[in-house]
J.: 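I'd like to ask some things about the structure below.
Each chain gets a letter, A, B and so on, in the order its sequence line appears, and its residues count up from 1.
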Amino acid sequence: MSIVESLQEAVVKQLTALYTGPFAAADFQVNQTKEEFEGDYTIVLFSLLKKTGKNPVDLGQQLGEALLAAEPDFFNGFNVIKGFLNLSIQDHYWQKLLSDNYEKDDFGKQQANGKRVMVEYSSPNTNKPLHLGHLRNNFLGWSVAEMLKACGNEVFKSCIVNDRGIHICKSMIAWQMFAEGETPATQQEKGDHFVGDYYVKFNDEYKRQIEELVQDGMEKAVAEKEAPIMKATQQMLLKWEAGDGEVMDLWRRMNSWVYEGFNETYKKIGSDFDKTYYESNTYLLGKKIVEEGLGKGVFEQEADNSVWIDLTADGLDRKIVQRRDGTSVYITQDIGLAQVKYEEYKIDRNIYVIGDEQNYHMKVLRLIAQKLGLPNADNIYHLSYGMVELPSGKMKSREGTVVDADDLVAEMVATAKQHTEELGKVKDFTEDELAHLYETLGLGAMKFYLLRVDPKKKMVFNPQESIDFHGFTGPFVQYTYARIKSILRKEAATNETLESTPLLRLEKSILVSLEQFPAVIQQAAAELNPSVIAIYVFNLAKAFNSFYTVHSVANAETAEKKQLRLRLAVMTANVLKSGMQLLGIQMPERM
RNA sequence: GGUUCGGUAGCUCAGCUGGAUAGAGCAUCAGCCUUCUAAGCUGAGGGUCAUUGGUUCGAAUCCAAUCCGGAUCACCA
């Protein structure tokens, strides 16, 4: 049980004994005591005045005395200031916490709870390479999965590859028109970038054709539909759904180039999946479900054969689920996938990590699943995250302002290299060790940067200013860890029983922080919010830094103090490491 | 226009289930390396918490209105 929970329980017990209840933990707040006051935790009394019929000072005094009398082993003292009851916890409580847990590398993690959760993330289109927005998605999804695991869930990471559809055909058409047989191999280019280039070429040509038609007197809206390259693309999609051999061959070939590129990127950034789904498989089931839904009367068919669902009663609109030419739209395959996921994994929660631009889409998906009576419908949860924007606004591929994922990773690793060389602390490292260190630091900086912000909120990334290595950053936490490890290479903690020694302020501030780690994991997982962990880990690192610049570990005042501080060092290192692990960030032993 | 999310220091962000004098980091300025790694530590300046009204003993936090910005409302994905 956490300290806060123990406090709540103790306070409720004493309130019930002193006054006429009933009382519950929700009746009052327990806060960490502010620096400027004496105490560890504070009970805010105002909300209890009415029920107890007391004034704040009397209530605080009575409650404080009762708590101290009832649990003298736990409480060390109290003071009342205005409406706040500040309580101090006995030093030996903190020291026991340390002795019991300092060597546990699973501190803060929970037992299996039997729940099965799927986290779908990444979900790329196979027509262009990954960009900065995908990185936020990948880091978020991976981290959320880790946090849920730490809370005892069995987690399955999944990825839906949007490998078919009109957008893929665009790259294919452009390749047919302009490539003259070039491949990633002949161009010495990463496959996803190679295919992405043709997606850009499509749009250039499309724009050119529209202009040409408009100049010949056609309305712009008509020209957009009549442009030959667009018509050819639509033809190709039809052929694709019909299984045309030539089209399928080209599709397989180009997708394989993209997969090769993606795999390289995923490997680099540490994204992995327990299951990869392909839209080219799931869309057929979607179509089947649409057919069944028509029979059930959930969907309705227009005279032109297109199929719709009417969600106006739910405050939304009419939504198309199948085009008049019989081809499926984006949401069709999602319906199929929702069913497949449940059938294969019998999951209790079905989390989708998808940008907030798709809030409406996900609302529709959930509603459709519910109306169809899919078994998993109510468990669909959209983890909606904000877009990553540039100082100039949204990233726009047309304006060439998209920050490419591979480029950014390479830049971060190069920056890590530059900093490391300037500092010159690891000159004895081998080439391999150096390369590994640069990746650890570069990726650590980038992941931390993208995860330290509340996922729900959009965030701004300034490519002009490279991601920092100082302050509230990944490398700051990594550096703290490396320095602790440096101490622990010279001095080891022993298991002997320690005499209790009075805790210094800076020692206790670390212990208070360490004690909160389990609660922090739970909160982060409940909110599906890695920034909670990032903020925590930063504060813990800061507390340790402040502590050990003032107090020596190796040359502590007494043998007891030395052991106490070594244990503090061990436990802080452990917690920093497992906290960062939840963010997908590795820790260097030296840097 | 409908729906929806947001507006906190020069910049990027915490704080939002109401509680003590609104916090970090960056940037700026002033200090600290013969002593466990200075990617560090200590300190200073910097705020009409978009605006107005309401609820409350108490509001950055809750409610309403207004202003500003984003997303979305495709036979695109």
J.: Just checking A:I320: base, sugar-phosphate only, or nothing, at a heavy-atom cut-off of under 4.0 Å?
T.: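 Touches a base.
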J.: Output the single nucleotide from B:rC75, B:rG40, B:rU72 whose closest atom is nearest the side chain of A:S306.
T.: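 Comparing B:rC75, B:rG40, B:rU72 against the side chain of A:S306, the answer is B:rC75.
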J.: If the P atom of B:rA64 is compared with that of B:rC5, how far apart are they to the nearest Å?
T.: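 It comes out at 12 Å once rounded to the nearest Å.
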J.: Describe the nucleic acid contact of A:D304 in one word from base, sugar-phosphate, nothing, applying a heavy-atom distance below 4.0 Å.
T.: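 Base: the residue A:D304, judged by heavy atoms under 4.0 Å, touches a nucleobase.
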J.: Looking across every strand, which nucleic acid part, if any, lies under 4.0 Å from A:S486 by heavy atom: base, sugar-phosphate, or nothing?
T.: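 If one applies the 4.0 Å heavy-atom cut-off, A:S486 turns out to touch a base.
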J.: With a 4.5 Å limit on heavy-atom distance, are the side chains of A:Q301 and A:L294 in contact?
T.: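 Answer yes - side chains close enough.
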J.: Using a 4.0 Å heavy-atom cut-off across all strands, classify A:V44 as base, sugar-phosphate, or nothing.
T.: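 Contact class for A:V44: base.
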J.: Taking the ring of A:W251 and the ring of A:Y278, is the distance between their centroids below 6.0 Å?
T.: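 No: the rings miss the under 6.0 Å criterion.
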J.: For the pair A:E5 (side chain) and A:S2 (backbone), establish whether a donor and an acceptor sit closer than 3.5 Å, ignoring hydrogens and angles.
T.: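 It does hold such a pair.
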J.: For nucleotides 55-64 of chain B, which of its nitrogen or oxygen atoms have a protein nitrogen or oxygen under 3.5 Å away, and what is each distance?
T.:
none

J.: Quick one: label A:S531 by what it contacts on the DNA or RNA (base, sugar-phosphate, nothing), any heavy atom closer than 4.0 Å.
T.: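 The residue A:S531 makes no contact with any strand.
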J.: If you define the side chain from C-beta out and look only at heavy atoms, does anything of A:V532 sit under 4.5 Å from A:V520?
T.: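 Heavy-atom side-chain distance check passes, below 4.5 Å.
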J.: Regarding A:R565 and A:E557, does a basic nitrogen lie under 4.0 Å from an acidic carboxylate oxygen?
T.: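 So A:R565 pairs with A:E557 through a salt bridge.
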J.: Using a heavy-atom cut-off of 4.0 Å across all strands, would you classify A:D356 as base, sugar-phosphate, or nothing?
T.: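 Counting heavy atoms under 4.0 Å across all strands, the contact made by A:D356 is with sugar-phosphate only.
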J.: Have a look at A:F472 and say if it touches a base, only the backbone sugar-phosphate, or nothing, with a 4.0 Å heavy-atom cut-off.
T.: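 Sugar-phosphate, no base atom in range.
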J.: Determine the contact category for A:N86: base if any of its heavy atoms lies under 4.0 Å from a base atom, sugar-phosphate if only primed atoms, P, OP1 or OP2 are that close, otherwise nothing.
T.: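 Touches a base.
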J.: Would you check if the distance from the ring center of A:H361 to the ring center of A:Y330 is below 6.0 Å?
T.: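 They qualify: ring centres under 6.0 Å apart.
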J.: Whether the side chain of A:H134 engages the backbone of A:H131 through a donor-acceptor N/O pair (distance < 3.5 Å, no angle test) should be reported.
T.: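 Looks like yes, one N/O pair under 3.5 Å.
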J.: Return the value, rounded to whole Å, for the distance between atom CG of A:D454 and atom P of B:rG25.
T.: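 For the pair A:D454 CG and B:rG25 P, the rounded distance is 20 Å.
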J.: Quick one: label A:F476 by what it contacts on the DNA or RNA (base, sugar-phosphate, nothing), any heavy atom closer than 4.0 Å.
T.: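 The residue A:F476 makes sugar-phosphate contact but no base contact.
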J.: So A:F538, base contact, sugar-phosphate only, or nothing? Heavy-atom distance under 4.0 Å.
T.: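 Sugar-phosphate, backbone atoms only, no base.
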J.: Can you pull out the residues from residues 26-40 of chain A that lie within a 4.0 Å heavy-atom distance of RNA chain B?
T.: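 The stretch gives A:Q29, A:K34, A:F37 as the residues lying under 4.0 Å from the strand, ordered by number.
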J.: So which nucleotide from B:rU37, B:rC41, B:rU12 ends up closest to the side chain of A:K490?
T.: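 The answer is B:rU37.
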J.: CG of A:L450 versus C1' of B:rU12: gap in Å, rounded?
T.: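 Value for this atom pair: 13 Å.
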J.: Without decimals, in angstroms, what is the distance between A:D428 CG and B:rU37 P?
T.: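 Rounded to the whole Å, the gap is 13 Å.
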J.: What is the distance, to the nearest angstrom, from the CD atom on A:E357 to the C1' atom on B:rG6?
T.: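 Atom CD in A:E357 sits about 16 Å away from atom C1' in B:rG6.
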J.: When we call it a touch if two heavy atoms are under 4.0 Å apart, what does A:Y479 touch: a base, just sugar-phosphate, or nothing?
T.: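 Answer is base: heavy atoms of A:Y479 come under 4.0 Å of a base.
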J.: Given B:rC36, B:rU3, B:rC73, identify the nucleotide with an atom nearest to the side chain of A:I487.
T.: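 The nucleotide sitting nearest to the side chain is B:rC36.
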J.: Side chain of A:K542, heavy atoms from C-beta onward: which of B:rC41, B:rU37, B:rC26 has the nearest atom to it?
T.: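 Ranking B:rC41, B:rU37, B:rC26 by closest atom to the A:K542 side chain puts B:rC41 first.
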J.: Starting at atom OH of A:Y385, determine the distance to atom P of B:rC5, rounded to an integer number of angstrom.
T.: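 Distance check: A:Y385 OH to B:rC5 P gives 19 Å.
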J.: Is A:R324 paired with A:E302 through a side-chain N to carboxylate O contact shorter than 4.0 Å?
T.: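 No, no charged N to carboxylate O under 4.0 Å.
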J.: Verify whether the ring centers belonging to A:F476 and A:F448 lie closer than 6.0 Å.
T.: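 Not under 6.0 Å, so no.
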J.: Kindly point out which of B:rC75, B:rC26, B:rA24 is positioned nearest to the side chain of A:H470?
T.: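 It is B:rC26.
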J.: Would you confirm whether A:N137, through its side chain, and A:V353, through its main-chain N or O, come within 3.5 Å as a donor-acceptor pair?
T.: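 Yes, the answer is positive, given that a donor and an acceptor are paired below the 3.5 Å cut-off.
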J.: May I have the distance from A:I535 (atom CD1) to B:rA24 (atom C1'), rounded to whole angstrom?
T.: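 Nearest whole value for this atom pair: 9 Å.
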J.: Rounding to a whole Å, what distance do you find between A:L441:CG and B:rG40:C1'?
T.: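 It works out to 15 Å between those atoms.
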J.: Based on Watson-Crick and G-U pairs with both distances under 3.5 Å, what dot-bracket line describes RNA chain B 5' to 3', crossing pairs as [ ] and inter-strand pairs as |?
T.: ((((((((.[[[[.)...(...]]]].(((((.......))))).....[[[[[..)....]]]]])))))))....
J.: Return no unless some side-chain N or O of A:R590 is found under 4.0 Å from OP1 or OP2 of B:rC36.
T.: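 It does not, given that no N or O in the side chain of A:R590 lies less than 4.0 Å from OP1 or OP2 of B:rC36.
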J.: Considering just the side-chain nitrogens and oxygens of A:R323, establish if one lies under 4.0 Å of OP1 or OP2 belonging to B:rC76.
T.: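 Yes, within the criterion.
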J.: Hey, does the side-chain of A:T42 have a donor or acceptor N/O within less than 3.5 Å of a partner on the base of B:rA20?
T.: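 Answer yes: a donor N or O sits under 3.5 Å from an acceptor.
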J.: Is the phosphate of B:rC32, meaning OP1 or OP2, less than 4.0 Å from a side-chain N or O of A:T549?
T.: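 Answer is no, no contact under 4.0 Å.
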J.: Which is it for A:E279 and A:N162 under the side chain to side chain donor-acceptor pair (under 3.5 Å) test, yes or no, and what are the steps along the way?
T.: CA-CA 5 Å; A:E279 185 183 341; A:N162 301 114; 3.1 Å; yes
J.: Looking at A:N359, I'd like to know whether one of its side-chain N or O atoms comes within less than 4.0 Å of OP1 or OP2 on B:rA71.
T.: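 No, outside the criterion.
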J.: Take the protein atom NZ of A:K457 and the nucleotide atom C1' of B:rU8, then report the distance between them rounded to whole Å.
T.: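 Checked: the NZ to C1' distance equals 9 Å.
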J.: Mind checking if A:M591 touches a base, just sugar-phosphate, or nothing, with heavy atoms under 4.0 Å?
T.: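 Base contact.
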J.: In the structure I gave you, are the side-chain heavy atoms of A:L132 and A:F461 within less than 4.5 Å of one another anywhere?
T.: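 In contact.
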